[in-house]
Amino acid sequence: MDRKDNQSPQGETARILVEFLVGAITSIVFLKGAYPSGAFERRRRYMNLMVQRARHPRLRDYIHSVVFGLLPIIQKGMVERAAVIFFNTDGIPVERFVFKLAVNLSYGSKVEEADLEFPLRSFLIKLSVSESLTKVLPRNYRWEITAYFRSLPEASANKDVEQWIPTDTRQWGQPPLLTPIKSMSSEPLCVQLYIEHPSLSEPKP
């Protein structure tokens with residue numbers, strides 16, 4: 001996609017970021033075996049990589065609509081983290097894939113897509129070989145995409161946040177165990193990806 005002349009550096013960075021997140025989240029869902037392998041296809045070429053694409057329209061639309069729903073909020077610098085969370089039947093998280101995000105709102109230079117593509121594609125490569133770092137999920141688990149905001153204006157004052165509702169996700173009582181996957185740091189964009197698991201001292205449900 002070509003950069004539009006009226007696209008701000010922050011807007012261009014946010015667009016590249018959400019397109020990356022669609023591919024990365026799809027890769028995570030595939031990696032965890034959330035659906036039969038036939039629910040995906042290696043057809044979508046992204047950043048010169050063949051990545052998984054959800055074949056089922058509802059799955060594909062869910063990931064796309066949620067992530068692109070974050071675009072205007074990321075442009076405002078209000079999104080701190082985006083996460084793919086897997087829950088057990090009691091609604092307690094058993095594994096979180098967390099993207100910590102920071103878009104430099106003061107960055108004023110033109111953003112070249114190629115400058116961000118190389119570091120972002122390395123996340124997708126690392127994810128594809130990260131299964132050994134994850135845990136086997138319990139039966140009948142569920143998953144969702146969750147966003148964590150630095151600040152959130154009143155919905156009545158901002159149409160972009162009307163589709164987002166406060167989560168009732170249960171939290172762990174102890175600090176989680178963190179497994180770093182990949183990180184990048186650049187002037188327009190910083191991203192960290194890590195996996196969270198409950199602490200060994202976390203009370204069992």
Side-chain angles (χ1 to χ4, degrees), residues 1 3-4 6-29 31 46-47 49 51 63-85 93 95-128 130 133 144-155 157-161 163-167 169 171-172 175-197:
M1 183 182 297
R3 181 178 184 271
K4 296 180 180 179
N6 62 351
Q7 181 77 38
S8 68
Q10 299 81 14
E12 179 69 358
T13 300
R15 179 192 65 78
I16 295 169
L17 176 59
V18 297
E19 289 181 354
F20 156 74
L21 287 174
V22 168
I25 290 173
T26 303
S27 296
I28 290 169
V29 176
L31 177 74
Y46 177 67
M47 296 182 176
L49 291 176
V51 298
I63 295 173
H64 189 277
S65 63
V66 170
V67 176
F68 270 85
L70 288 173
L71 177 58
I73 312 175
I74 290 174
Q75 289 174 333
K76 295 178 175 65
M78 296 191 299
V79 179
E80 181 181 24
R81 289 170 291 157
V84 183
I85 308 177
E95 191 168 63
R96 293 190 184 111
F97 287 76
V98 182
F99 296 87
K100 188 174 182 180
L101 313 171
V103 176
N104 185 355
L105 298 181
S106 63
Y107 189 75
S109 302
K110 180 180 178 180
V111 175
E112 298 293 344
E113 189 164 357
D115 292 338
L116 294 179
E117 276 192 351
F118 181 77
L120 287 175
R121 76 189 293 269
S122 65
F123 283 77
L124 301 176
I125 294 171
K126 193 65 180 289
L127 267 174
S128 68
S130 295
L133 303 176
E144 68 180 29
I145 302 170
T146 298
Y148 299 85
F149 299 100
R150 292 186 176 87
S151 61
L152 190 63
E154 294 293 330
N158 194 321
K159 297 292 185 182
D160 299 330
V161 302
Q163 63 177 317
W164 294 92
I165 60 175
T167 181
T169 298
Q171 303 297 322
W172 294 316
L177 300 174
L178 302 183
T179 302
I181 300 296
K182 190 68 180 175
S183 66
M184 64 165 284
S185 180
S186 67
E187 289 190 68
L189 175 66
C190 295
V191 180
Q192 289 179 293
L193 171 60
Y194 52 90
I195 304 175
E196 293 183 344
H197 293 121

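What you see is a predicted model, and the numbers here were worked out from it, not measured in a lab.
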Undergrad: Between Glu113 and Glu12, does the side-chain contact (heavy atoms from CB on, under 4.5 Å) criterion hold? Intermediate values first, please.
TA: CA-CA 8 Å; Glu113 189 164 357; Glu12 179 69 358; 4.3 Å; yes
Undergrad: Count the heavy atoms of every other residue, nucleotide or ligand shown that sit under 6.0 Å from CD of Glu187, and state whether that count exceeds 12.
TA: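 No, CD of Glu187 has 12 or fewer neighbouring heavy atoms, counting only those of other groups under 6.0 Å.
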Undergrad: So, does Arg150 use its side chain to make a donor-acceptor pair with the main chain of Val79 at under 3.5 Å?
TA: yes
Undergrad: Does any part of the side chain of Thr26, heavy atoms only, come nearer than 4.5 Å to the side chain of Val51, both counted from C-beta?
TA: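 No, every pair of side-chain atoms sits at 4.5 Å or beyond.
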Undergrad: Would you call Ser186 and Asp115 a side-chain contact if the rule is heavy atoms closer than 4.5 Å?
TA: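 No, side chains not in contact.
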Undergrad: May I ask you to decide if Gly11's main-chain N or O and Ser8's side chain share a donor-acceptor pair within less than 3.5 Å?
TA: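 Yes, Ser8 side chain to Gly11 backbone: donor-acceptor pair under 3.5 Å.
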Undergrad: With a 4.5 Å heavy-atom cut-off, do Phe20 and Arg121 have their side chains touching?
TA: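 No, side chains not in contact.
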Undergrad: If we only count heavy atoms from C-beta on, is the Leu120 to Met184 side-chain gap below 4.5 Å?
TA: yes
Undergrad: Does Glu196 reach the side chain of Leu177, with side-chain heavy atoms less than 4.5 Å apart?
TA: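 When only atoms from C-beta onward are counted, Leu177 and Glu196 do not touch, as no gap falls below 4.5 Å.
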Undergrad: The test is side-chain contact (heavy atoms from CB on, under 4.5 Å); show your working for Leu127 and Lys182 and say whether it passes.
TA: CA-CA 9 Å; Leu127 267 174; Lys182 190 68 180 175; over 6 Å; no
Undergrad: Could you walk me through whether Tyr194 and Arg96 pass the side-chain contact (heavy atoms from CB on, under 4.5 Å) test, one step at a time?
TA: CA-CA 8 Å; Tyr194 52 90; Arg96 293 190 184 111; over 6 Å; no
Undergrad: Do you know the tightest heavy-atom contact between Val67 and Val18?
TA: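 Result for this residue pair: CG1-O, 3.4 Å.
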Undergrad: Do Leu189 and Tyr107 make a side-chain contact, defined as non-hydrogen atoms from C-beta onward lying under 4.5 Å apart?
TA: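 In short, these two side chains do not touch, never coming nearer than 4.5 Å.
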Undergrad: Side chains of Phe97 and Ile25, heavy atoms from C-beta outward: is any pair under 4.5 Å?
TA: no
